[in-house]
Every structure is written in C-alpha cells, then in structure tokens.
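The structure appears right after this line, and notes come after that.
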Amino acid sequence: MKTILAALVLINVIVLASSQLEVGYYQDKCRLAEIIVKAEVFEALSKDPGLAAGFVRLHFHDCFVRGCDGSVLLDSTPNKPAEKDSPINNPSLRGFEVIDRAKAKIESICKGVVSCADIVAFAARDGVEFSGGIGYDVPAGRKDGLISNLTDTFTNLPPPTDTLQQLVTSFTSKGLTEEDLITLYGAHTIGRSHCTSFNNRLYSFSTKASQDPSLDPSYATKLKKQCPNPKVILNDTFLVVPMDPITPNTFDVNYYIGILNNKGLFASDETLLSSPATGNLIRKNIAYPKQWESKFAASMVKMGQIQVLTGDAGEIRTNCRKINS
Ligand code: HEM
Ligand SMILES: *[C@@H]1O[C@H](CO)[C@@H](O)[C@H](O)[C@H]1NC(C)=O
Ligand SMILES: *[C@@H]1O[C@H](CO)[C@@H](O)[C@H](O)[C@H]1NC(C)=O
C-alpha cells in the first residue's frame with residue numbers, strides 16, 4: 001500500500017511538472033536563448049563532434065540526480081563534494097565549458113532569466129540533432145537547484161554492472177518505463193567509454209581466456225589492445241574507446257546491433273537481452289530506425305521532466321557552477 005501510494009505521488013509530481021514546463025518558454029522572456037545555445041553547441045561540435053554525446057549524458061546525469069535542476073553543473077565547495085566529482089562523473093562527464101559559454105552569452109543579453117538546467121536540456125537536444133538524430137521541441141521553465149551532493153550519484157545513477165531488473169527499477173523510480181529505458185539506452189550509439197567502465201569484463205574473469213564469455217571473443221581481443229590490463233600499465237584513467245566503433249559520431253541504431261552481436265561494452269548491455277520483451281524492443285528499434293528516433297525524442301522530453309523545480313522553487317543561477325549568494 002505504501003509503495004502504491006508513493007508511486008501515485010510520484011506520478012502526480014511528474015504530471016504536475018510536465019504541465020509546468022512549456023515549449024517556447026523563453027520566447028517572450030529571452031527570445032534568443034535557444035538559438036544562442038544551439039550556436040554555441042554547434043560551434044563546439046564543429047571542432048569536437050564527440051562532445052555531442054557529452055551533452056546527452058550530462059542531461060541524463062542531471063535529471064536522475066535530484067531531478068533536472070542543473071545540480072550536475074555545480075562545483076564542489078570545501079566540505080561539500082558535488083555530483084560532478086563522483087567517480088561516475090569524473091573524469092568522464094564533459095561539455096561543462098560549452099554550457100558555461102552559452103550561459104555567459106545569454107546572461108549578457110538577458111540577465112537572470114534562463115536557467116542552467118534548461119540550457120543543459122537544450123544542449124542535449126542540439127547534440128542529438130548535430131549527430132543526425134531528429135531535433136525536437138524541449139519544454140522549458142526549469143529552475144536551478146541549490147544542492148549538489150556527490151553521494152547522491154551512487155544511489156541514483158545505475159552502474160553498468162546492473163541487471164535488467166535493477167535498471168528497470170531505477171527507471172521506474174524516476175517515472176520512466178522499461179520501454180523508455182530501452183529507447184534511451186540507444187544513446188550509446190554516440191560517444192565513448194573509459195576503459196575503466198568495462199575492463200573488468202576483459203581481465204577479471206576466472207575463465208581460461210580471462211574474459212567475459214558473453215562478450216564476442218574477437219571484439220574482446222580488439223578491446224584488450226585499446227585497453228591494456230590495468231595491472232600491467234601505470235595509469236589507465238584516461239584511456240577511452242568509442243561505444244559504437246562503426247559510426248561513433250552518428251545517431252543511428254548501431255549500438256543496438258552491437259548488443260545483438262554480443263559487442264556491447266557493458267554487462268548492462270547484455271542484460272537487456274535477458275527478457276523477450278526487451279530483446280524484442282531492441283530488434284524493433286533496429287528494424288524501424290526512424291520510429292526509434294521519434295521514440296527517443298519523446299523519451300528525452302519525458303526524462304527532462306523528472307522532478308523539475310518550477311515557479312518559486314530554486315533559482316536562476318548566474319554562474320552554472322555555483323549557487324547565487
Ligand atoms: C540505463 C543505464 C545506463 C548505464 C548503465 C549507462 C552506462 C554508461 C557508461 C558506463 C558510460 C561510459 C562512461 C565512461 O566511462 O566514459 C556511458 C556513456 C554514455 N551514456 Fe550511458 N548509461 C545508461 C543510460 C544512458 C542514458 C539513459 C543515456 C541518455 C539518454 C545515456 C547516454 C550516454 C552517452 C551519450 C554516453 C557517452 C558519453 C561521452 O561520450 O561523453 N546513457 N553510459
Ligand atoms: C550528502 O548526502 C549524504 C547521504 O544522504 C549525507 O550523509 C551527507 O551529509 C550529505 N552531504 C552534505 C554536505 O550535505
Ligand atoms: C593518472 O595520471 C593523471 C595525470 O596524467 C593523474 O591526474 C591521475 O591522478 C593519475 N591517476 C592515478 C590513479 O595514478
């Protein structure tokens with residue numbers, strides 16, 4: 001009963017929140033806001049297309065921890081380690097400087113009007129669009145939160161070792177469905193992973209080959225060249241591999257195809273095939289890529305509404321890295 005009640009409250013919060021955000025929110029408050037973000041994002045991506053993935057993940061990690069409130073952007077302060085310094089986010093999360101530049105430009109024309117949380121949501125959309133996915137309308141009007149606590153990342157961001165059941169539980173606790181999980185997981189078609197996020201599958205297994213038997217052996221061999229055994233090299237902190245080695249910067253269904261072929265980097269990839277329903281969703285997305293892109297846009301909009309602060313809650317930060325004093 002308690003859990004049903006909690007679920008109802010959560011659903012209520014999400015429905016309320018979704019009616020509080022609006023598409024074109026800044027049209028009469030700061031007309032150029034979305035255009036400035038897109039210009040800044042595209043400018044950065046023209047030099048480093050890989051950053052597109054950074055913005056998408058930034059939005060995901062923002063929304064899953066304390067809701068989409070820009071808490072992921074806050075810097076640590078003495079005695080208060082922030083989300084961005086969690087090992088889940090540091091050194092892998094990227095794109096902060098671009099968000100800062102967009103924010104500074106926007107502040108210079110409309111002071112204290114556009115939230116950092118909205119800028120992240122716009123940048124994620126622009127990153128998808130730049131990579132060849134569809135551009136979609138982003139409901140806006142989020143306020144920025146006042147708290148960022150490193151510990152929250154461990155309890156709210158699912159690790160790549162999670163089982164399907166754990167991933168689904170994580171998503172439903174945020175008001176997202178199993179289908180949203182599968183749909184959004186396709187974002188791994190762009191970007192990179194640090195070796196440290198999956199090298200336990202290459203070296204820590206007790207089998208003769210010392211690698212995860214569920215990983216395609218020739219792919220494992222290739223990955224071992226890119227990611228040497230951490231016990232024999234000095235420091236693998238910054239080694240990365242593309243998540244979709246075929247088209248690393250293109251928003252397509254190749255990551256799903258990799259999963260079907262046992263070429264997903266993470267244990268959490270394989271686990272998505274462990275139920276017929278989720279396996280079928282993956283096959284359907286591969287068969288109908290355009291439909292997947294639309295579903296992706298819809299799920300991003302849904303994710304973008306998790307526990308948002310609106311109205312008098314929170315603030316519009318002047319500097320995305322610190323709360324207003
Ligand atoms: C559901 C569970 C998920 C798990 C376990 C997971 C896990 C991971 C891991 C381990 C990485 C590599 C980080 C690194 O070592 O550099 C990564 C990267 C990434 N993830 Fe996920 N992820 C999940 C869901 C999502 C969702 C929902 C999205 C977006 C909607 C997303 C978007 C990305 C992107 C774009 C990257 C590449 C980042 C970059 O290149 O900077 N992920 N993910
Ligand atoms: C962060 O959250 C943890 C766990 O809820 C709590 O123990 C800790 O005091 C918080 N840190 C700060 C600085 O508030
Ligand atoms: C790895 O090297 C970088 C500098 O290249 C350093 O910042 C980091 O602390 C090192 N990590 C370890 C575990 O030694």
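Keep in mind it's a predicted model, so treat the numbers as computed, not measured. Counting starts at 1 for both ligands and their atoms, following the listed order. This chain uses plain numbering: 1 for the first residue, then up along the sequence.
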Check whether any heavy atom of [X] sits under 4.0 Å from an atom of ligand 1.
X      : value
Val56  : yes
Phe198 : no
Met243 : yes

Ion pair present between [X] and [Y], side-chain N to carboxylate O less than 4.0 angstrom?
X      : Y      : answer
Glu270 : Arg201 : yes
Lys38  : Glu129 : yes
Lys302 : Asp180 : yes

Identify which of [options] has a heavy atom lying nearest to [atom].
atom                    : options                      : answer
atom 31 (C) of ligand 1 : Arg94, His188, Arg57, Met303 : His188
atom 26 (C) of ligand 1 : Phe60, Phe266, Tyr255        : Phe60
atom 12 (C) of ligand 1 : Pro248, Pro242, Ser193       : Ser193

Inset, instruction - Would you confirm whether Asn285, through its side chain, and Gly186, through its main-chain N or O, come within 3.5 Å as a donor-acceptor pair? - result: no
Legend entry - Ser86 side chain to Glu83 side chain, donor-acceptor N/O pair below 3.5 angstrom: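 No donor-acceptor contact under 3.5 Å links the two side chains.
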Legend entry - Side-chain H-bond candidate by donor/acceptor type, Asn229 with Lys224, under 3.5 Å: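 Note: Asn229 and Lys224 side chains miss the donor-acceptor criterion.
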Inset, instruction - May I ask you to check if ligand 1 and Arg192 share an N or O to N or O distance below 3.5 Å? - result: yes
Inset, instruction - Determine whether the side chain, the backbone, both or neither of Thr196 has a heavy atom under 4.0 Å from any heavy atom of ligand 1. - result: neither
Need the list: ligand 2 N/O atoms against protein N/O atoms, distance under 3.5 Å, rounded to one decimal.
| unit_1 | atom_1 | unit_2 | atom_2 | d |
| --- | --- | --- | --- | --- |
| ligand 2 | 2 (O) | Asn149 | ND2 | 2.3 |
| ligand 2 | 11 (N) | Asn149 | ND2 | 2.9 |

